[in-house]
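Below: the structure, in structure tokens.
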Amino acid sequence: MEYAAAIIIMSLLSISLTVYDLRQQSVKLQRLVESHNSIMVTVCRNKEGFQELESHHLVPGDMVVLKEGKALLPCDAILISGQCIVNESMLTGESIPVTKTQLPQADNLKPWKMHCAEDYKKHVLFCGTEVIQTKGDDRGVVKAVVLQTGFNTAKGDLVRSILYPKPMNFRLYRDALRFLMCLIAFAAIGMIYTVCVFALNGEEAGEVVKKALDVITIAVPPALPAALTTGIIYTQRRLKKKGIFCISPQRINMCGQLNLICFDKTGTLTEDGLDLWGLLPSEGNCFQDVRRFPADHSLPWGPAFRAMVVCHSLIVLEGKIQGDPLDVKMFEATNWVIDDSSGHQIEGQRSTHATVIRPGPKANTASVDGITILHQFPFSSALQRMSVIAQETGGEKQAFTKGAPEMVATLCRAETVPSNFESKLLFYTAQGFRVIGLAYKSLQSGKQSTDLTREEVESDLTFLGLLIMENRLKRETKPVLEELSDAHIRSVMVTGDNIQTAVTVAKNAGMISPTNRVILVEANKIPGSFSASVTWKPLKENKTEDDGNLDSGSQTGRRIRLAAEPGQFHFAMSGKSYQVVAQYFSHLLPKLLLNATVFARMSPSQKSSLVEEFQKLDYFVGMCGDGANDCGALKVAHAGISLSEQEASVASPFTSRTPSIACVPELIREGRAALVTSFCMFKYMALYSTIQYLGVLLLYWQLNSFGNYQFLFQDLAITTVIGMTMSFTEAYPKLVPYRPPSQLVSPPLLLSVILNILFSLGMQILGFLMVQKQPWYSKTDIHSACLSVNNHVENSSSASSLGLHGVGGGDPTEVDNGYKSYENTTVWLLSTINCLIIALVFSKGKPFRQPIYTNYVFIMVLVGQLGVCLFLVFADIDDLYSKMDLVCTPTTWRISMVMMLAVTLAVSFLVEEAIIENRALWLWLKKTFQYHSKSHYKRLQRVLEQDSAWPPLNETFSLDAVTVSVEEDMGGHSNPTFDSNEDAL
């Protein structure tokens, strides 16, 4: 009964955390499952005709005919006829309208088995995708084959991963269980002691069993798990006030251990939108003067202008142009408009749904009335380009290509590419600009646009020039990265952009010091064989005068020291190189990751793989991103932080309302504070139960114990209130260059617990023995101290004249309940106030939390509880003492108890500050005993520091015979359900 109130209150706190977590998660899940049956599709099953079926009746292999208008697709399906414009909203791409095309013609009746990774994405409609428009073929229908349904779909897999997330094995919880096992073993010793004492004194068997079992509930506090969650609850509340929302509260403690943060670039480190900086046109094989925007807003009519007008995948939705932000900026610069009223265009004998572009009111005078986009080859990240076939009104058909400059240049005729192409490209990418290559060619009029293959269109092109997009750093980026660097938290960039642009942004942001070398790691696989090679070479830098640098002052800031950097160099690699190294040079991958800072051209699956590889090195990895392509990495990281409230927030345990990386150090600060609070609460709960346990065992020696109200006062009035208020202390505003301990089984914590147990045990034993040696002590007469002194004077007035407090006229013959004794009163008062002492000593502030005096509620609680306890020590209220099972003692003895408590406080505080929290002392001990961290990356650092041949600059390693250790295609598409039934179709 004495524990019921405490257990109920602490359990309610734990339940409230769970309910809050589920409520937050249900909001996210509601967005996933809403309108799951909103689309009615026409299904052709076994070619027996069309019938209307609801989404939950679909099975793999069904032929789905998509209808015009908005609808959420309830399955994964592959498009086999026509085109669709969709919003891919479930982890499969950015949340912008994209065009899905039908599978290319093939002899195989089931060509979808031939496509995987980036290839299949442009043909697959994923579950949860919003179908905006449909573009039928010559038969006027858009058909798709159902690949997967339910939890096998992309959407279903996301829901499943949220409902059943990947378990995080945090050492704090594992060590907590071990510590509880130790307490149980400690309690077992007390049980044996209790049985021996009571059995030898002839107690009944039932009483012996009850007393023995009572020891377990005392030594092992049942409210310990709930007490550990209080710090997380209050931290979550503080994060919410700062605009950071959490759907996985248990990850908050992990944030306190983060020592590596992966950042996406566009929209995370840099501004979300791109601005058109300029156009560098090319004529013949020479670059012309750059045309700046908006200064040279009026572009002359020509092939480069036509490429900007038509080479995009924009659509008009509800009167607004939508699509890729890059395409939008490029198209808006032309002042042309998309004619939304255009319908089907007749090309030969075949009907196609085409888009017509016309000059807008602000456009310059053009020689044509409009341009029709006849066919589109959507952008592919694997091909790094997109193309369109367009035709001027009354003119010839032309093909326009836009993409990565290096890729576009390889598709052009060599005589059209300027000789200084590479130097110009390096010049602009080195300044952090995003550069796009443009090319075109004229097509023969005899062949239909839809009959042309992509290879035919994207060959023998004429190079048109470079489109230069500006992507500025966010204002908060550099200060935040400096703060993380000063705190020895490593920063890594993971982006899909050009590697030179990424390196420049990393330098401007402070990830890479201007004095450090950047080493490019290039790995290639020889086509058609199992041979691969990897090369290390310094990255070329352009020392030309900055013309239009996007942040001219970025290099003049103070030098940034990269955390955990054993050498003054940084590796940079592309996604392709990373995949080859992971597949063929897995033994080199840990060495590369130790100093790799920039990962460019990374696909979503490669981002997830990279985070997992960092985790294998024993890094605590955080991931910060804002796009749907970051969702996989956000899920697998120890702490995923989404800067968007769209798809990324569904997969990420943390979502920031403010779209800047300023939330990262804030989350780390709060995580460190929550982690330290968890340790403080654990130490306090362990000490509180041990103090109570030791006091009870001492009293068991005389077949005595604490009374019910004494237990209740300690459990409810002291421990429960302290447990609820100790966690109010907020995070320290400065990130220090070291982390709080992550495990309970560590020398400082164990020493702290053991020493405080010894202090408490010594004080209680001293009080227990000293009270028995007092001249007024009587084992049988519990009123002897106040009714007689030495000569056993029996009248209270005489006792009063000797300076002793009486019992207020109480009846000395009153029958007690068996708990009252001088030992009980002494031990209980000492143990109760000792609980307040350890609460104060363990409530440490700096460097991870604010000073304890800033927690006003906790200080008021401690002062109030201390006042009540001192009142109980010095009070002579007969009714109060009777209820609390206390007896009257002389004032001198009460003062002696206070002095013992004061000495215990002083000793505990000095030991905690001078030894336990003395970081310099522990570092000296580690150095003296040559203790080294067991983390994989720390061991690897020590090895590489002794390796003078690392890194092997300008060397190439080759590997001829290999065993493929990872799946060649990291984003492969599989459909076991459909594959197993394909023969029945």
Side-chain angles (χ1 to χ4, degrees), residues 85 96-99 133 271-283 287-343 345 354-374 376 379 386-403 408 428 433-440 462 464-472 548 550:
I85 297 178
I96 56 175
V98 294
T99 302
Q133 290 181 6
E271 296 291 347
D272 193 17
L274 290 168
D275 294 320
L276 187 59
W277 184 85
L279 174 67
L280 185 64
S282 173
E283 291 184 9
F287 282 113
Q288 307 300 308
D289 294 335
V290 64
R291 294 187 175 274
R292 295 287 302 272
F293 291 91
D296 298 333
H297 201 64
S298 56
L299 294 176
W301 177 255
F305 186 87
R306 288 197 294 270
M308 294 176 61
V309 168
V310 299
C311 198
H312 53 73
S313 57
L314 301 176
I315 65 169
V316 176
L317 183 63
E318 298 177 353
K320 183 179 180 181
I321 296 177
Q322 294 194 14
D324 188 279
L326 185 151
D327 289 347
V328 173
K329 290 290 184 180
M330 178 186 70
F331 182 74
E332 288 179 346
T334 64
N335 288 323
W336 281 46
V337 296
I338 299 177
D339 188 355
D340 193 29
S341 62
S342 58
Q345 304 292 325
T355 302
V356 178
I357 314 296
R358 304 185 189 279
K362 298 181 181 180
N364 292 334
T365 303
S367 59
V368 296
D369 295 332
I371 303 177
T372 302
I373 301 177
L374 300 176
Q376 181 187 122
F379 175 79
M386 72 162 294
S387 298
V388 297
I389 299 176
Q391 184 177 21
E392 296 180 5
T393 304
E396 62 179 2
K397 288 186 290 185
Q398 294 178 323
F400 295 89
T401 299
K402 168 172 64 74
V408 172
Y428 288 106
F433 291 115
R434 184 170 183 178
V435 183
I436 306 297
L438 302 175
Y440 91 111
T462 299
L464 293 177
L466 300 176
L467 193 66
I468 304 168
M469 312 294 289
E470 187 177 22
N471 194 201
R472 296 182 181 275
L550 58 98

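- Closest approach of Leu279 and Ala304 over heavy atoms only: CD2-CB, 4.2 Å.
- Note that the CG atom of Leu314 and the CE atom of Met330 stand 7.0 Å from one another [nearest 0.5 Å].
- Ile389 places none of its side-chain heavy atoms less than 4.5 Å from the side chain of Gln398.
- For the pair His312 and Phe331, the tightest heavy-atom approach, listed with the atom from each and the gap, is NE2-CD1, 3.5 Å.
- Residue Thr372 holds its OG1 atom at 12.0 Å from NZ of Lys397, rounded to the nearest 0.5 Å.
- Between the CD1 atom in Ile338 and the CZ atom in Arg358 there is a gap of 12.0 Å [rounded to 0.5 Å].
- Counting only heavy atoms from C-beta outward, the side chains of Lys402 and Asp327 approach each other to under 4.5 Å.
- Under the 30°/60° scheme for interplanar angles, the aromatic rings of Phe433 and Trp277 are found to be tilted.
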Chi angles and distances behind the side-chain contact (heavy atoms from CB on, under 4.5 Å) call for Thr401, Met386: CA-CA 6 Å; Thr401 299; Met386 72 162 294; over 6 Å; no
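- Nearest heavy-atom pair across Met308 and Ala333 is CE-CB, 4.3 Å.
- The minimum heavy-atom distance linking Ala307 with Leu464 is given by the pair CB-CD1, 4.0 Å.
- Considering all non-hydrogen atoms of both residues, Val337 and Pro359 come closest at CG2-O, 4.3 Å.
- Residues Tyr428 and Val290 meet the side-chain proximity criterion, which asks for heavy atoms closer than 4.5 Å.
- At a threshold of 4.5 Å between non-hydrogen side-chain atoms, the residues Thr334 and Phe305 count as touching.
- More than 12 non-hydrogen atoms from other residues, nucleotides or ligands lie less than 6.0 angstrom from CD of Glu392.
- Here the shortest heavy-atom pairing between Gln288 and Leu280 reads O-CD1, 3.3 Å.
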